[in-house]
Number of protein chains: 2
Amino acid sequence: MTDTDNVAIGRRDRKKAQTRAALTAAALRLVAERGLEHVTVEEISEAADVSSRTFFNYFTCKDEALTDDPALDGTPVVARLAAVPAHVPALRAVRLALDEAIDTIQADRELWRLRLTVITQNPTLLPRLVSSNIATERAMVSVIATRLGVGPDHGLPPLITAVTSAAFHTAMLRWAAGDDTRPLRDLVDEAFAAVAAGLPDPPPAS
Amino acid sequence: MTDTDNVAIGRRDRKKAQTRAALTAAALRLVAERGLEHVTVEEISEAADVSSRTFFNYFTCKDEALTDDPALDGTPVVARLAAVPAHVPALRAVRLALDEAIDTIQADRELWRLRLTVITQNPTLLPRLVSSNIATERAMVSVIATRLGVGPDHGLPPLITAVTSAAFHTAMLRWAAGDDTRPLRDLVDEAFAAVAAGLPDPPPAS
DNA sequence: CTAAAAACTTGCAGTCTGTGCAACTTCGCT
DNA sequence: AGCGAAGTTGCACAGACTGCAAGTTTTTAG
């Protein structure tokens, strides 16, 4: 981020982003150290140097400070999906639309590793991680329906939306577990390829 | 349920099942009438004729009374999956293992219609509906890994687990929306067939 | 540059969710 | 019938979360 960027987005927005990041970092650190049930919103806010009332200006609930990240915002993904040329099949188009999110997560590897460790240790957080904003989901279903040239009640667009989300999140959890050391991009590609092939049983090892 | 069944499962278990069902019914009815934020746990418990302390003996939190159902218990599904003959591909085997859950949900159509209406009106409930118990999920991944003859860190078993779950829930939401009047079984079959085919774009309408 | 408006922070009071504990009640077993 | 196990209940309390209003900071307009 250059000085020009600072001027463009204003002190107000810059400080908001910093506060948000500070809250997230504090929440992840404290919960990793002590466990979810032993860290209060007050303590997270104190560690980030804001009041707990301010915490709730940024997150709707305590869990969200641990699971929410700008990289998971579906809105730009939907916009990029709509911009993929029409001849590209929907499955492939969704994959392409995820490119930037994948790069952003990969670039922030340490934060994501910590986040996904925290989530693994506190599985009640997982549903919140994998769910998206309902309006965003509906927007994606709508874009896919348009790409497929089908009506609003067709079964395929919500199915593609849900399955691609599942594939993406499964790859992300695998990447964070560290069993497979390949970049996130490779793991997402592998998951999407398996889905495109119809999830066949692998051939028996010879 | 015959008198013989009553004797077999005992008064204790019978009353527990009744209390649980009463709490669920009360929660769904009240929330449908007034909205999630305007119904308290105290009111739900009062309507079901138990104390609110008892409510928490049945559900870990308020939302769970709305989203949890014995039909969604993955444990019998995992057991049935393990019993499907080994030559059946994993995707197909998961589909077969879901048979009883599908029938149970279909048989309880009014309850499920109400539940899914409530969830549609309160989208924050959706992640909890579609998530499963982490231990159950790991058990399913393990059974699938065994069926596929792959190791514990292979990418395919968690992917199949997540994708089949997404397909099932997408079909269920569609069924409950009522746009398509076919039985749940047909919608699940259609979703699984699309997944098995690799989610291809439909041919253009002539 | 100044003043006003807009946006954000904070403290506070209060409600609701959820938990641990212990006394009481009901059920099941011998 | 008696006893132990299982389940219910009331209670006190902590923590999450919300609405409100006063105070502070940043942005805008003249």
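Since we're looking at a predicted model, the values are computed, not measured. Every chain is numbered from 1, with letters handed out A, B, ... down the list of sequences. Just so you know, these numbers use all the heavy atoms, side chains as well, and skip hydrogens, waters and symmetry mates.
Between the side chain of B:Asp108 and the main chain of B:Leu111, no donor-acceptor pair closer than 3.5 Å is present. In this structure, the side chain of A:Ser52 does not engage the main chain of A:Phe55 through any donor-acceptor pair within 3.5 Å. Side-chain atoms of B:Arg95 never come within 3.5 Å of backbone atoms of B:Ala193 as a donor-acceptor pair (strictly under, hydrogens ignored). A:Lys15 contributes no side-chain N or O that, together with a main-chain N or O of A:Gly10, makes up a donor-acceptor pair within less than 3.5 Å. The closest donor-acceptor contact from the side chain of A:Arg115 to the backbone of A:Leu66 lies under 3.5 Å.
Close approach of DNA chain D to chain B, defined as any atom under 4.0 Å from a non-hydrogen atom of the protein, starts and stops at D:dA5 to D:dC11.
Applying the salt bridge (charged side-chain N to carboxylate O under 4.0 Å, His left out) criterion to A:Glu42, with sequence neighbours excluded, gives no partner residue. Scored by the salt bridge (charged side-chain N to carboxylate O under 4.0 Å, His left out) test, A:Glu46 finds no partners at all (sequence neighbours excluded). With sequence neighbours excluded, the residues satisfying side chain to side chain donor-acceptor pair (under 3.5 Å) with B:Arg20 are B:Asp68.
Straight-line distance from the CZ atom of A:Arg12 to the C1' atom of C:dA7: 4 Å, rounded to whole Å. Spacing between atom CD of B:Glu42 and atom P of C:dC16 amounts to 10 Å, rounded to whole angstrom units.
Looking at residues 47-58 of chain A, you'll see A:Val50, A:Ser51, A:Arg53, A:Thr54, A:Asn57, A:Tyr58 sit with a heavy atom under 4.0 Å from some atom of DNA chain C. The stretch residues 26-40 of chain B touches DNA chain C through B:Val39, B:Thr40, each having a heavy atom within less than 4.0 Å of the strand.
The residue among B:Asp63 and B:Lys15 whose nearest nucleotide of DNA chain C is located toward the 5' end is B:Asp63. Residue order along DNA chain D, read from the 5' end via each residue's closest nucleotide, puts B:Asp13 first among A:Cys61 and B:Asp13.
At least one side-chain heavy atom of B:Leu129 sits less than 4.5 Å from a side-chain heavy atom of B:Leu72.
The closest side-chain donor-acceptor pair between B:Thr75 and B:Asp73 falls under 3.5 angstrom.
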